[in-house]
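Per chain, numbering begins at 1; letters A, B, ... match sequence-line order. Just so it is clear, the model here is predicted, and its values are computed rather than measured.
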There are 2 protein chains.
Amino acid sequence: MKKDATTEEKIKAAAKEVFLAKGFAGCSSREIAKAAGENVALVNYYFRSKGQLFELIFKSAMEDFLLSMIHVFNSEQSLEQKMRIFIEREFEFLTKHPELPSFIINEMNREEGCAVGEHTIHFEKIAETGIFNECIKAQQEGTMREINLISVIMLIMSNCQYPTMAKNLMKNIHQLTDEEYTLQLKTHQSHVTEMLVNYLFPKNNSTK
Amino acid sequence: MKKDATTEEKIKAAAKEVFLAKGFAGCSSREIAKAAGENVALVNYYFRSKGQLFELIFKSAMEDFLLSMIHVFNSEQSLEQKMRIFIEREFEFLTKHPELPSFIINEMNREEGCAVGEHTIHFEKIAETGIFNECIKAQQEGTMREINLISVIMLIMSNCQYPTMAKNLMKNIHQLTDEEYTLQLKTHQSHVTEMLVNYLFPKNNSTK
DNA sequence: GCTTGTTTTAAACACTTGTTTAAAATAGTT
DNA sequence: AACTATTTTAAACAAGTGTTTAAAACAAGC
């Protein structure tokens, strides 16, 4: 946390930390205030309610989440190479922010349905990079497998996000230490990369 | 819910439903009691505390979760065929219990660390089916790719579980209806199956 | 100095939380 | 029937919840 941040920023930073770790229902306003080193009333003074503060945090988390996808797509490289780099960046990003996918999926599954319908905006930014058109073109040329683009995204997300989300589960089931799991993750990443690239860009000309 | 269940069973059933949907922090004792149609005090009368009731539910959920893996492994079939059937069963199971993976992963990530260290027991049951030895043998014979078995499990879990966990996220991002997503899931399943089988059991003899 | 407006504080609000209690209802046994 | 043990109830408990309030502290301008 920065040193001379304003009270508002301190609360926001603390809220992000606590919300991401424990979810909306898993923490209290007082906990956030304490984490920020400020009075409870200030949470409502600056953000009106716990709910509105959460909404704010959630949106920015969602933005981080989706923007982490965009950077690679604009570069000048082959689709296959882009895919390789993208997976690498994704693993890198998720190692730094392991709580993010769980957080978003959870809060998305809450009954109150967090801020539904607004996140397509960011997704359209991804579309604007032209990556989807690039895929369609590659599919017409036969260098990429005929596959629904939603499935492509799902394959990538599944294989990149799940391993970081399920860290504690996996550690427990397989009796691994933190270091062992980090190592495991590294070799897993290369499997994921090879598997996805092999499947999406088959080398022998039987695209099925 | 069954008609003439005992009060204890009614509470347990209600607790399972509510806990799975909302998590430990996301619901109250009174909510569970109301869902069971019983008095709040009975929750503590039969289960002593919300925490102990949760522990009970969590363990049985974990059991469902892991036992869903075991059934296929004993059958008499080729490894590849077993894998295909396993993935099919897994998708089938997860469609019926979509909250299960999120629930377990979440509660596993809670600070209190739910009942850590006891779940290896079930996992050992999987080992007893001999599936792991079978894999090692296949790897020696060259019919299966040289790959850490933990990675194999992770690949399967990632690709089967994530798509059901992220349903609401995906629906929102891609603006899909429930029916559209179910359809999408169906075609995704076949991609997952082909991709995993192709990667784990490569046909051309270049196992790398 | 005093007077503005903003920021921070401690205290209180009404309500929900998990849990306990003591009395009431019920079932079981002789 | 009467006595027992079990089950269920409504009420209460202290502690914690999100939020509001009214007073205090602070800063800036005159």
Participant: If you draw the axis of the six-membered ring of Phe58(A), does the NZ or CZ of Arg110(A) fall within 45° of it and under 6.0 Å from the ring centre?
Facilitator: no

Participant: Return the value, rounded to whole Å, for the distance between atom NZ of Lys50(A) and atom P of dC15(C).
Facilitator: 19 Å

Participant: Have His191(A) and Tyr199(B) got a donor and an acceptor in their side chains that come within less than 3.5 Å?
Facilitator: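 Looking only at side-chain atoms, Tyr199(B) and His191(A) do form a donor-acceptor pair, the distance falling under 3.5 Å.
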
Participant: Within the structure provided, determine whether Ile153(A) and Ile173(B) are in side-chain contact (heavy-atom separation under 4.5 Å).
Facilitator: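 In short, these two side chains do not touch, never coming nearer than 4.5 Å.
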
Participant: Rounded to the Å, how far apart are Ile11(A) CD1 and dT9(C) C1'?
Facilitator: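 It is 13 Å, rounded to the nearest whole Å.
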
Participant: With distance as the sole test, does Gln81(B) use its side chain to make a donor-acceptor pair with the main-chain N or O of Ser78(B) at under 3.5 Å?
Facilitator: no

Participant: Indicate yes or no: does Glu194(B) engage Arg84(B) in a salt bridge with an N to O separation below 4.0 Å.
Facilitator: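 So Glu194(B) pairs with Arg84(B) through a salt bridge.
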
Participant: Under 4.0 Å between a side-chain N/O of Ser28(A) and OP1 or OP2 of dG16(D), yes or no?
Facilitator: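 Indeed not, no polar side-chain atom of Ser28(A) lies that close.
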
Participant: Which residues in residues 38-48 of chain B have a heavy atom closer than 4.0 Å to any atom of DNA chain D?
Facilitator: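 Those residues are Glu38(B), Asn39(B), Ala41(B), Leu42(B), Tyr45(B), Tyr46(B).
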
Participant: Both atom distances under 3.5 Å, Watson-Crick or G-U wobble: I'd like the secondary structure of DNA chain C as a dot-bracket string, with | for pairs made across strands.
Facilitator: |||.|||||||||||||||||||||||||.

Participant: How many Å lie between CD on Glu9(B) and C1' on dT7(D), as a whole number?
Facilitator: 15 Å

Participant: When you check the side-chain N and O atoms of Asn106(B) and Asn106(A), is any donor under 3.5 Å from an acceptor?
Facilitator: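 Looking only at side-chain atoms, Asn106(A) and Asn106(B) do form a donor-acceptor pair, the distance falling under 3.5 Å.
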
Participant: In whole angstroms, how far is the C1' atom of dT19(D) from the CD atom of Glu31(A)?
Facilitator: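 Answer to the nearest Å: 18 Å.
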
Participant: Looking at Thr7(A), I'd like to know whether one of its side-chain N or O atoms comes within less than 4.0 Å of OP1 or OP2 on dT8(C).
Facilitator: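 Answer yes for this pair, as a side-chain N or O of Thr7(A) is under 4.0 Å from OP1 or OP2.
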
Participant: Any idea which heavy atoms bring Ile131(B) and Lys82(B) closest together, and the distance?
Facilitator: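 That would be CD1-CD, 4.1 Å.
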
Participant: Can you tell me the distance, in whole Å, between the CD atom of Gln52(A) and the C1' atom of dT20(D)?
Facilitator: 15 Å

Participant: Do Lys96(B) and Asp64(B) sit within salt-bridge range, that is, some charged N less than 4.0 Å from a carboxylate O?
Facilitator: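 Answer for the salt bridge query: no.
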
Participant: Give the minimum heavy-atom separation between Met165(B) and Asn109(A), together with the two atoms involved.
Facilitator: O-ND2, 3.5 Å

Participant: Below 4.0 angstrom from OP1 or OP2 of dG18(D), is there any side-chain N or O of Ser49(A)?
Facilitator: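 Checking Ser49(A) against dG18(D): no side-chain N or O falls below 4.0 Å of OP1 or OP2.
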
Participant: In whole Å, what is the span from the NZ atom of Lys10(B) to the P atom of dT7(D)?
Facilitator: 14 Å

Participant: Please determine whether any donor N or O and acceptor N or O are separated by less than 3.5 Å between the side chain of Arg30(A) and the base of dG16(D).
Facilitator: no

